[in-house]
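I have placed the structure first, in the form of structure tokens, so that the comments after it can refer back to it.
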Amino acid sequence: MATVDSVIDKYELVVGMEVHAQVLTRSKMFCSCATDYAGAPPNTRVCPVCLGLPGPLPVINRQAVEATILTGLALNATVAETAVFARKNYTYPDLPKGYQISQFEFPQCEHGWLEIEQDDGSSRRIGIRRVHLEEDTGRTVHEGSYSYVDLNRAGVPLMEIVSEAHIHSPEDAYRYLTKLRTILRYLGVNSGDMEKGALRCEPNISVRTLEQKNRGEYGAKVEVKNLNSFRAVRSAIDYEMKRQIETLEAGGTVEQVNMGWDEQNQRTVLQRSKEDSHDYRYFPEPDLPPVHVNQAWVEALREQLPELPDAKQARYVDDWQVRRTDAAILIDEGLVADFFEGAVAAYGMEEGKPQRLANWLTGEFFRLLYADGEGQDLRQIAETRVAPAQVAALLQLADDKVINQNTAKKVLEIMYATGEDPAAIVEREGLAMVSDTSVIDEAIDAILAANQDELTRYRGGEEKLFGFFMGQVMRATKGKADPAAARQRLQERLDE
Amino acid sequence: MNLYELTIQEALDGMDRGDFTAVELTADLLGRIGAVEREIQSFLTVTGELALAQAARADARRRQGDASPLLGIPLGIKDVLSTRDVETTCGSKILKGYVPPYTATSVKKLEAAGMVMLGKTNTDEFAMGSSTENSAYHTTRNPWNLERVPGGSSGGSAAAVAAGEALGALGTDTGGSVRQPASFCGVVGLKPSYGRVSRYGLVAYGSSLDQIGTLTKDVRDAALLLNVIAGHDPRDSTSLPDATPDYRTALTGDVRGLRVGVPAEYFIDGIEPDVEQAVREAIAQLAHLGAEIIPVSLPNTDKAVPVYYMIATAEAGANLARFDGIRFGYSAGADRLMDNYRQTRGEGFGPEVKRRIMLGTYVLSAGYYDAYYGKAQQVRTLMKQDFEDVFSRVDVIACPVSPTTAFKIGEKSDDPMAMYLADVFTLSLNLAGMCGISVPCGLDAAGLPIGLQLIGPHLGEEVILRTAHAYEQSTNFGLSVGGLAAASRRHVAG
């Protein structure tokens with residue numbers, strides 16, 4: 001698509017994002033069936049309501065409504081005084097009632113926004129059109145020429161978060177989704193697990209010329225479905241943008257269609273054309289009263305809002321002088337942030353300390369986490385054997401020059417494996433740093449005696465050999481020498 | 001006197017006195033069913049063994065001093081109410097063989113109160129109809145005249161009570177389906193206010209209109225049954241949290257000073273003279289008892305039929321979407337999914353159901369919603385305001401139930417519009433959520449029963465029961481239980 005790159009500046013990419021997030025509740029949206037269907041045998045988390053048998057009635061799950069309001073508040077949205085469930089009518093084997101109960105005309109929350117950070121550190125605001133509540137469908141499993149329906153998932157609460165068409169680059173789409181997922185996890189309303197289908201993203205992608213933009217016009221939208229990772233979303237948007245521009249440049253027109261993402265071949269494929277589009281015949285669900293939300297309820301929920309990622313990041317930067325990029329990494333997962341804050345509490349927030357902790361966490365500790373277990377899931381930080389205070393204690397040992405940096409890394413590895421206190425490890429393994437100059441002098445004497453040739457060359461002006469002598473000293477002291485003390489003594493002796 | 005001729009109250013008294021047991025009573029009812037059911041055909045399923053077992057349990061409970069309000073009372077249950085382990089067809093082929101795994105709340109409450117379930121009564125398919133002629137299984141006949149319909153859609157329940165095949169029955173009323181068959185069969189039919197009785201387990205037709213009601217031989221029995229089935233149900237979000245009174249205490253026999261509204265719009269051309277005369281005489285009787293008669297107006301009454309048929313069918317279209325031949329009931333067994341949907345629904349639903357699904361789909365479709373469904377909801381609001389306005393000036397409204405008495409089987413079945421228009425007096429209060437009762441007020445020249453409709457405000461069950469009871473106590477139409485049973489015997493025998 002080399003030709004596209006030359007004309008890409010003539011166009012603006014316009015993306016709106018629809019995100020479906022399963023709400024973390026114990027029971028389903030409209031019945032008391034459990035939501036723990038993952039791994040359960042098919043059709044074992046079902047009852048007359050979610051099976052769509054004749055006669056039963058739905059009852060609204062209050063917890064799901066509260067999770068949706070919390071999400072709306074976290075996304076700076078207006079909470080509707082009255083939300084109304086409607087019936088969305090369509091026929092599919094995994095939709096047992098023949099309609100999905102979903103908020104339509106009157107969603108739970110509207111008119112919000114979230115901020116994403118650009119490369120230059122500035123932030124951009126992406127509008128949130130609405131946050132509404134609905135029920136998930138069951139799943140259809142295809143095997144050979146048969147299809148099987150599993151209704152365990154049918155009726156699980158689902159939040160739909162619809163952005164405004166404010167996204168203009170694949171990278172911003174990625175940032176938007178990352179930020180949104182972080183917020184949902186902070187709120188504890190969604191697991192964020194895309195691979196398990198708990199979070200699903202459907203971008204609506206169009207391009208328009210700058211002339212169209214000036215006239216306030218938009219291009220035809222293409223909706224892309226079954227994207228299984230944020231990376232796939234970014235790739236799909238990039239692909240679609242280029243495909244649409246290429247089509248337009250070739251004199252063609254972009255059709256308003258639904259596409260699927262072919263991960264293997266990294267391309268979009270046609271799923272359904274506009275002619276097949278449904279008339280959902282929405283009408284208010286007569287079995288459910290409107291959801292009235294008074295101010296007191298909203299305020300009570302606002303009280304429950306945790307510190308959100310943006311505020312947390314600002315606090316790390318402003319109060320603790322943590323570098324912005326490190327702060328961004330630390331706040332991404334709430335559990336990592338919790339760990340960091342626990343360690344800071346134990347370690348102290350004096351100048352430089354939180355940043356030193358940040359370095360250790362995002363460096364050595366993350367390396368251990370990534371190497372551990374199955375995925376690269378930083379949330380397992382909460383399940384490691386190491387407590388935040390132990391990391392603080394480790395850094396304190398280094399600060400107090402009981403151990404040096406290299407030893408500290410070694411100790412952390414042992415802590416990660418065993419959960420022991422760092423002081424106990426240092427004690428047992430005899431890793432305490434040597435700052436006794438007599439011990440260091442003894443080592444230096446021996447090294448200088450054994451390396452007369454190098455000593456002569458050094459003194460003849462070959463100063464880069466300093467590193468060689470330093471290495472010999474550290475080796476002789478088994479890495480325990482206080483590097484500053486060793487450097488000073490070595491310098492003195494070499495310069496004699 | 002045969003046991004099956006008793007009212008529920010009389011049967012309770014008899015069992016309390018030890019005159020007979022629930023098993024004897026049930027056996028008598030089953031005997032009556034055996035004698036007349038071939039001609040009346042009130043039931044779709046008779047659960048004889050279950051009934052006798054329940055009766056035996058009721059007798060044991062009574063011996064242990066249990067004083068549950070319906071201990072040992074044999075009742076019929078309209079087949080649109082879900083009953084665990086008992087086939088529930090809604091009068092439709094598409095549910096043939098469907099045995100639900102759960103029981104409707106209203107039926108559960110009756111069971112807890114000691115009911116003996118005799119069986120499931122016939123209904124127009126999915127309660128869509130006014131004659132039971134839309135039942136996929138058979139047409140129930142009016143015990144007063146076997147060539148006539150019993151009314152509908154709760155025609156099976158009304159006929160069963162009128163013919164002495166059950167001491168009482170549950171029906172459902174979406175646009176008159178309890179009151180109209182009660183009127184046609186000369187029994188008492190009560191439609192409570194929307195939200196008074198849980199709809200959980202009622203296979204929905206028009207969800208915002210459906211309400212479970214009772215068919216009984218007299219008003220006292222209606223109060224007895226309502227006492228048991230009324231009340232909030234956490235499984236039905238549209239059921240009302242309001243406390244339920246003991247409705248029997250409303251039966252004072254006194255209507256002095258009661259303000260009775262008579263709406264001009266309910267005495268229109270097309271009403272049979274015998275019906276109008278009987279209803280006017282009944283109103284005069286209320287005046288004679290000390291009530292004050294006040295002319296009132298319900299100006300949007302003429303819009304009830306179109307508004308009803310847009311709202312009810314829109315809801316029905318969605319409610320019936322779940323009948324796809326996959327999880328329960330009839331399946332055509334076609335090889336391909338789409339073919340199976342089409343064939344299952346094409347073969348499983350009858351013509352009236354299909355007509356209403358099409359109508360409901362149409363009024364909700366893109367581009368038509370505002371003009372039809374949306375507009376209908378606005379008019380519905382006006383109709384509700386009309387009632388509220390009238391009820392600020394009167395306590396109860398008196399009017400006919402139906403413009404005619406029971407019509408002949410087949411007479412209207414080819415003319416759906418004529419059938420729809422006959423519901424004009426009963427639809428409005430479903431749209432407004434009000435309560436109503438049909439109480440016998442005479443016979444026409446052909447000896448067919450006529451019903452007086454008393455409409456009360458939302459949650460005004462006490463005032464309509466009180467009025468109906470006072471009226472019933474003061475009249476002597478030969479519609480007492482004995483006379484009724486005699487009438488049905490006569491006609492069945494003939």
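Keep in mind that what you see is a predicted model, and the values were worked out from it rather than measured. Chain identifiers are assigned alphabetically (A, B, ...) following the order of the sequence lines, protein sequences preceding nucleic acid strands; residue numbering begins at 1 within each chain. Worth knowing before you read on, the calculation uses all heavy atoms, side chains too, and leaves out hydrogens, waters and symmetry mates.
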Interatomic spacing from OH in A:Tyr92 to OH in B:Tyr341 - rounded to 0.5 Å: 8.5 Å
Proximal component of B:Pro100, with respect to chain A [non-hydrogen, under 4.5 Å]: neither
Residue part contacting chain B, namely of A:Val49, when any heavy atom lies under 4.5 Å: side chain
Region of B:Ile326 in contact with chain A, defined by heavy-atom distances below 4.5 Å: side chain
From A:Phe283 atom CZ to B:Glu315 atom CD, the distance as rounded to the nearest 0.5 Å: 5.5 Å
Atom NZ of B:Lys96: over 12 foreign heavy atoms under 6.0 Å: no
Whether over 12 other heavy atoms sit under 6.0 Å from B:Lys109 NZ: yes
Shortest non-hydrogen separation from A:Gly52 to B:Arg322 and the atoms involved: O-CD, 3.2 Å
Proximal component of B:Leu337, with respect to chain A [non-hydrogen, under 4.5 Å]: side chain
A:Leu51 vs B:Phe328, side-chain contact (heavy atoms from CB on, under 4.5 Å): CA-CA, chis, key distance, verdict: CA-CA 10 Å; A:Leu51 275 176; B:Phe328 48 79; over 6 Å; no
Close side-chain approach of A:Phe30 and B:Ser237, heavy atoms under 4.5 Å: no
Crowding at CZ, A:Arg26 (>12 non-hydrogen neighbours, <6.0 Å): no
Check: B:Tyr98 and A:Leu53 side chains under 4.5 Å, non-hydrogen atoms: yes
Toward chain B, the part of A:Tyr280 with a non-hydrogen atom under 4.5 Å: neither
Whether B:Arg235 side chain and A:Pro56 backbone form a donor-acceptor pair below 3.5 Å: no
Separation between OG of B:Ser365 and CG of A:Asn89, rounded to the nearest 0.5 Å: 11.5 Å
Chain A contact via B:Ala104 - which portion, at a heavy-atom distance below 4.5 Å: neither
A:Lys221 atom NZ: more than 12 heavy-atom contacts under 6.0 Å: no
Flag if over 12 foreign heavy atoms under 6.0 Å of OH, B:Tyr372: no
Straight-line distance of B:Thr238 OG1 to A:Glu285 CD, nearest 0.5 Å: 10.0 Å
Chain A contact via B:Asp233 - side chain, backbone, both or neither, heavy atoms under 4.5 Å: neither
Structural part of B:Leu209 lying under 4.5 Å from a heavy atom of chain A: neither
Point-to-point distance, once rounded to the nearest 0.5 Å, from CG of B:Leu364 to CG of A:Asp279: 8.5 Å
Main-chain N/O of A:Pro96 paired with B:Arg327 side-chain donor or acceptor, under 3.5 Å: yes
Heavy-atom side-chain proximity of A:Asp287 to B:Tyr200 below 4.5 angstrom: no
Any A:Pro54 side-chain heavy atom under 4.5 Å of B:Phe126 side chain: no
Contacting region of B:Thr361 [heavy-atom separation from chain A under 4.5 Å]: both
Option that, when pairs with chain B are counted at under 4.5 Å, heavy atom only, ranks first among A:Ser145, A:Gly98, A:Pro93, A:Cys31: A:Pro93
CD (B:Glu347) with more than 12 external heavy atoms under 6.0 Å: yes
Flag if over 12 foreign heavy atoms under 6.0 Å of CG, A:Asn294: yes
A:Leu151 versus chain B, the contacting section by heavy-atom distance below 4.5 Å: side chain
Heavy atoms from other residues, nucleotides or ligands near NZ of A:Lys225 exceed 12 (cutoff 6.0 Å): yes
Chain A interface, residue from B:Phe323, B:Tyr369, B:Tyr368, B:Tyr102 that has the most non-hydrogen pairs under 4.5 Å: B:Tyr102
Nearest-0.5 Å distance, CG of residue A:Leu57 to CG of residue B:Leu202: 8.0 Å
